[in-house]
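Worksheet: the structure to be examined is printed underneath.
For clarity, every value in this text was computed on a predicted model and none was experimentally measured.
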Amino acid sequence: MPDRLPPLTALRAFEAAARHLSFAKAADELNVTPAALSFQIKSLEEHLGSPLFIRRNRAVDLTEAGIALSPGTTEGFDWLANAWRAAKRTVDVNTLTITAGPALTAKWLAPRIFDFARAHPDIELRFSATLRNLDFDHDDVDVAIRFGQKDYPQLYSVPVRNEWITPVMTPEMAAEFDTPEKLLKAPLIYDDSLDFLNPRCDWPTWFQAVGLEFPADKRGAHFSNADHAIDAAVAGVGVALGRRPIIMQDVMEGRLVAPYNLALEMDARFSFLCRKGAETRPDVAALRDWFVAEIEKTAHFSDDFEIIKLAELTSS
């Protein structure tokens, strides 16, 4: 017969104390008194028949038995927490949590999501604007929209068309720098959020695409977020290389112009992601269909541009 497991509360007390190597910090985390936590650990040691901690004046260390038990209890409680969150998501169908990058959220998603919200008033939308690595097993997220070159075989993924970049600036600056040759003398804005792409898609690459040599000593303002770079261009700081969805609203409303009608298609795209199986949820499926339709609805924005493929440029 399998060994009889000790009470879950005692294992929880041990896991917290082993992680902190402090009964006081563990008690504070679990919102119990140190005496109650000590009692739980004592009962666990009696159940095992061996001490799990070496008690010192102001600290504790794990015994050999404690070292053997600690990793498994931490992993076990992580699995329980993940399973509980997954179960909660299956019943909390009226709340849809979406994560997307800050730039896409600010410049593309936020100005358009009211259409989806109006069509689905029964769905409560929650947004997390972040670029950090996503873990559906640990993050309380239903849908992610991510930009890059990766495939996601472990997830349900709907990739959309490759994105492109083009120089954008205020109408006043466009009158001054009305050719790519003149642009070499313009103040440039650098979007460092694209630095992860391979091959690179940046100012030197764009000038190469239009047959111009980029000065090695050319300097400018650097921004870690694409929306900040575009906001700087709107403020007249300089000329930015903007991605289609990030610049679309500002160009259509006249705050920025893309004067050269030349764009460079990068080897990167946006993808709609969720756990495999979650795509059958009515709220997730509705958001996916809206997202794909909205991308297609604005595809005409590309019609005014001659698009040069980065793949062809780097292979030549």
Side-chain angles (χ1 to χ4, degrees), residues 101-104 106-108 111 147-149 161-270 298-316:
L104 186 73
K107 294 293 189 179
W108 191 88
F147 174 78
Q149 298 165 298
R161 64 185 65 206
N162 282 10
E163 287 299 341
W164 50 255
I165 56 172
T166 194
V168 289
M169 62 198 83
T170 62
E172 294 77 15
M173 292 191 74
E176 181 179 359
F177 305 106
D178 56 352
T179 67
E181 289 79 7
K182 291 181 181 179
L183 186 62
L184 287 167
K185 298 181 179 179
L188 301 184
I189 295 170
Y190 294 82
D191 174 11
D192 293 342
S193 71
L194 296 178
D195 286 353
F196 73 95
L197 293 176
N198 184 22
R200 295 182 67 87
C201 200
D202 51 12
W203 276 118
T205 313
W206 190 85
F207 277 106
Q208 179 188 353
V210 296
L212 295 171
E213 185 175 352
F214 185 75
D217 59 349
K218 187 72 172 175
R219 300 290 183 264
H222 287 252
F223 293 87
S224 60
N225 285 355
D227 54 324
H228 296 169
I230 298 306
D231 286 343
V234 171
V237 172
V239 183
L241 271 178
R243 282 179 278 159
R244 181 190 64 88
I246 312 302
I247 65 172
M248 186 183 307
Q249 200 77 12
D250 288 314
V251 170
M252 293 175 67
E253 295 178 3
R255 289 182 290 274
L256 293 174
V257 295
Y260 311 131
N261 303 116
L262 290 169
L264 181 59
E265 183 181 277
M266 58 185 67
D267 182 25
R269 68 210 65 82
F270 284 97
T298 57
H300 66 86
F301 185 69
S302 301
D303 294 343
D304 294 332
F305 294 87
E306 177 189 346
I307 299 177
I308 303 168
K309 294 184 181 296
L310 177 61
E312 297 174 357
L313 184 68
T314 55
S315 63
S316 60

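The aromatic rings of Tyr190 and Phe214 stand perpendicular to each other, their planes meeting at an angle above 60°, with 30° marking the opposite boundary.
Counted within 6.0 Å of CD on Glu213, heavy atoms from surrounding residues, nucleotides or ligands total 12 or fewer; the atom is thus considered open.
Thr170 places no side-chain N or O within donor-acceptor distance of the main-chain N or O of Gly236, the cut-off being under 3.5 Å. Listed for the Asn225 side chain is no donor-acceptor partner under 3.5 Å among the backbone atoms of His228. In this structure, Gln249 contributes its side chain and Trp108 its backbone to no donor-acceptor pair below 3.5 Å. Between the Trp203 side chain and the Ile189 main chain, a donor and an acceptor come within less than 3.5 Å of each other. Remark: side-chain polar atoms of Asn261 are paired, donor with acceptor, to backbone N or O of Asp304 under 3.5 angstrom.
Two rings, from Trp164 and Phe305, have their centers less than 6.0 Å apart.
No side-chain heavy atom of Ile308 sits less than 4.5 Å from a side-chain heavy atom of Glu265. Looking at Ile307 and Ser302, their side chains come closer than 4.5 Å, going by heavy atoms from C-beta outward. Side-chain contact between Leu184 and Phe177 is absent, with no heavy-atom pair separated by less than 4.5 Å. Between Ile165 and Arg244 the shortest side-chain heavy-atom distance does not fall below 4.5 Å. Between Leu183 and Phe207, the closest side-chain pair of non-hydrogen atoms falls below 4.5 Å.
Nearest approach of Ala106 to Pro111, heavy atoms of both residues: O-CD, 3.6 Å. Contact record, Met169 with Pro259: CE-CG, 3.6 Å, taken as the closest heavy-atom pair. For Pro245 against Glu163, the heavy-atom pair with the smallest separation is CD-OE1, 3.2 Å. Here the shortest heavy-atom pairing between Leu194 and Phe147 reads CD2-CE2, 3.9 Å. Nearest heavy atom pair, residue Ser193 against residue Ser224, reads CB-O, 3.3 Å. Closest non-hydrogen pair, Ala209 versus Leu264, comes out as CB-CD1, 4.1 Å.
For the pairing with Met266, the side chain to side chain contact (heavy atoms under 4.5 Å, CB included) check across Asn162, Leu197, Thr205 returns one residue only, Leu197. Of the options Leu241, Ile246, Val251, Val257, a side chain to side chain contact (heavy atoms under 4.5 Å, CB included) to Val168 is made by Val251 and by none of the others.
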Show the numbers, then the answer: is there a side-chain contact (heavy atoms from CB on, under 4.5 Å) between Leu212 and Glu181? CA-CA 7 Å; Leu212 295 171; Glu181 289 79 7; 4.1 Å; yes
Salt bridge (charged side-chain N to carboxylate O under 4.0 Å, His left out) for Asp250 and Lys107? Distances and angles first, verdict last. CA-CA 8 Å; Asp250 288 314; Lys107 294 293 189 179; 3.0 Å; yes
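Relative to the ring axis of Phe270, Arg243 does not place its NZ or CZ within 45° and under 6.0 Å from the centre.
Between atom NE2 of residue His222 and atom CG of residue Asp195 there is a gap of 8.5 Å, rounded to the nearest 0.5 Å. From Trp206, atom CH2 reaches atom CG of Leu262 across 6.0 Å, with rounding to the nearest 0.5 Å.
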